[in-house]
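Structure, as structure tokens:
The structure displayed is predicted, hence computed values, not measured ones.
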Amino acid sequence: MGQSELYRAPAPRPRMIRTPDTFHPALDLGLHDDAIVHLFVRDALVQPLDEPRPMRWRTLRMFGFEAARVQPIGRHEGVDHLAVALPDDHPADRMPDGWRAAGLRNWFGMLDDATLAIAMRGVQMLEWDRTHRFCGACGTPTEQAAGERAKRCPSCGLTVYPRISPAMMVLVTRGDELLLGRGVNFPPGRYSALAGFLEAGETIEECVAREVMEETNVEVRDLRYFGSQSWPFPNSLMIAFTAEYAGGELRHDPAELADAQWFALDALPQMPPRLSIARALIDSTIARMRGDPPR
């Protein structure tokens with residue numbers, strides 16, 4: 001397979017994982033046998049190997065799974081969905097026969113989009129619950145606040161909500177070329193749009209310019225919003241843009257990227273997996289640049 005055959009973008013409107021319209025967040029849910037449970041050991045989702053699917057608590061309970069921590073997620077099509085964590089010291093590689101625990105990316109293409117989206121919410125709720133069991137100001141055990149998703153300290157009154165860490169993603173174009181980078185922890189051969197986290201006091205626009213300059217020595221202009229996607233890293237909101245090249249000689253920072261290159265549209269490398277905002281951003285941009293009609 002030649003390099004130009006490695007990747008071909010489809011027409012616009014690629015898929016991304018998004019919460020379904022029929023889902024409604026809810027706090028007034030208790031664990032019961034008919035509830036759909038998204039079972040995790042830390043950030044690994046537990047699923048049957050033969051047929052990954054949404055699971056009722058009665059089924060999971062029958063296989064000997066026990067709930068160490070529970071967080072309500074919401075209702076989807078009238079059915080209660082809850083996130084349940086196994087004990088933190090439970091080995092992720094020690095599951096009953098026929099079961100597997102793996103990160104959410106491993107279940108892409110095996111679970112339906114709605115289940116993945118709700119599970120992504122659930123793992124973030126559980127991680128917030130795990131890391132806020134004690135007050136960050138005085139060390140007192142926290143309590144669940146009434147009527148809202150918050151933890152309150154009964155001693156000093158500090159109230160904490162699930163944290164959201166905004167991050168930017170940007171696809172820089174130069175004529176018919178795309179600027180793509182290889183993260184230091186990427187699988188071999190994979191490239192993606194550039195990304196980075198906001199700093200305190202920084203606007204998203206300032207973050208885009210700073211991160212691109214720090215990572216690649218490139219200046220950008222004509223920043224345009226593309227879209228956003230919640231992503232459990234473990235609590236990120238990825239905000240994606242396109243931008244035009246404005247100057248600078250490409251020189252990647254090896255502390256940030258393993259590599260960065262300008263790629264022509266007919267010679268693109270391996271891309272991020274489908275359902276991610278990175279893939280949607282790249283697919284849509286390539287389709288626009290090629291003049292593909294919208295669908």
Side-chain angles (χ1 to χ4, degrees), residues 17-19 23-32 35-47 55 57 60-61 65-76 80-92 101-107 115-168 185 195-202 204 207 228-239 277:
I17 295 179
R18 293 189 182 278
T19 303
F23 173 85
H24 302 283
L27 293 172
D28 59 336
L29 306 179
L31 188 60
H32 58 86
I36 296 293
V37 164
H38 304 269
L39 184 67
F40 289 89
V41 50
R42 296 298 290 265
D43 62 350
L45 180 66
V46 178
Q47 285 286 302
M55 304 291 293
W57 178 237
L60 293 166
R61 186 170 52 78
F65 293 113
E66 296 182 359
R69 290 180 291 110
V70 178
Q71 278 290 314
I73 309 175
R75 293 185 176 92
H76 176 46
D80 295 350
H81 284 249
L82 295 100
V84 169
L86 296 175
D88 291 338
D89 60 356
H90 192 294
L104 286 170
R105 283 181 180 270
N106 293 274
W107 302 111
T115 299
L116 282 168
I118 297 171
M120 285 174 62
R121 283 182 175 244
V123 71
Q124 294 182 69
M125 304 299 183
L126 289 173
E127 179 64 8
W128 165 74
D129 182 38
R130 185 185 72 84
T131 57
H132 290 82
R133 288 175 287 185
F134 298 90
C135 177
C138 70
T140 302
T142 57
E143 300 174 346
Q144 177 66 46
E148 58 182 345
R149 197 177 298 277
K151 295 291 187 79
R152 184 179 182 279
C153 175
S155 179
C156 71
L158 178 69
T159 301
V160 292
Y161 300 86
R163 185 180 70 186
I164 299 174
S165 301
M168 76 83 200
N185 295 316
F197 284 96
L198 270 72
E199 294 184 352
E202 189 175 47
I204 187 71
C207 177
S228 65
Q229 185 177 37
S230 177
W231 205 251
F233 282 151
N235 45 35
S236 298
L237 174 65
M238 191 65 73
I239 307 166
I277 192 169

For Arg105, salt bridge (Lys or Arg N to Asp or Glu O under 4.0 Å) partners two or more places apart: none
query: What pairs with Glu202 under salt bridge (Lys or Arg N to Asp or Glu O under 4.0 Å), at least two apart in sequence or on another chain?
result: Arg210
task: Only counting residues at least two apart or in another chain, list the ones meeting side chain to side chain contact (heavy atoms under 4.5 Å, CB included) with Ala68.
output: Pro87
statement: Residue set satisfying side chain to side chain contact (heavy atoms under 4.5 Å, CB included) with Arg149, at least two apart, ordered chain then number -> Leu27, Gln71, Pro72, Met125, Trp128, Pro162
query: Taking all non-hydrogen atoms of both residues, which atom of Ile204 and which atom of Leu198 are closest, and how far apart?
result: CD1-CD1, 3.3 Å
Where Ala119 and Leu104 come nearest, the two heavy atoms and their spacing: CB-CD2, 4.0 Å
Any side-chain heavy-atom pair of [X] and [Y] under 4.5 Å:
X: Leu86; Y: Leu39; value: yes
X: Phe40; Y: Val84; value: no
X: Thr140; Y: Phe134; value: no
X: Arg75; Y: Leu29; value: yes
X: Thr115; Y: His38; value: yes

With sequence neighbours left out, write down each residue that passes side chain to side chain donor-acceptor pair (under 3.5 Å) with [X], or none if nothing qualifies.
X: Asp43; value: none
X: Thr19; value: Arg121
X: His32; value: Asp80
X: His76; value: Thr22

task: Enumerate the residue pairs fulfilling salt bridge (Lys or Arg N to Asp or Glu O under 4.0 Å) with a member in residues 123-134, sequence neighbours excluded, ordered by first and then second residue.
output: Arg69-Asp129, Asp88-Arg133, Glu127-Arg130, Asp129-Lys151
- prompt: Any side-chain hydrogen bond (donor to acceptor under 3.5 Å, both in side chains) pairs touching residues 153-162, not counting sequence neighbours?
  reply: Glu148-Tyr161
Please table the atom pairs, donor to acceptor, closer than 3.5 Å between any side-chain atom in residues 228-236 and protein atoms at least two apart or in another chain.
unit_1	atom_1	unit_2	atom_2	d
Gln229	OE1	Ile277	N	2.7
Gln229	NE2	Ile17	O	3.1
Gln229	NE2	Leu275	O	3.1
Ser230	OG	Gln124	NE2	3.1
Asn235	OD1	Ser165	OG	3.2

- prompt: Can you name the residues that form a ring pair (Phe, Tyr, Trp, His ring centres under 6.0 Å) with Phe23, not counting sequence neighbours?
  reply: none
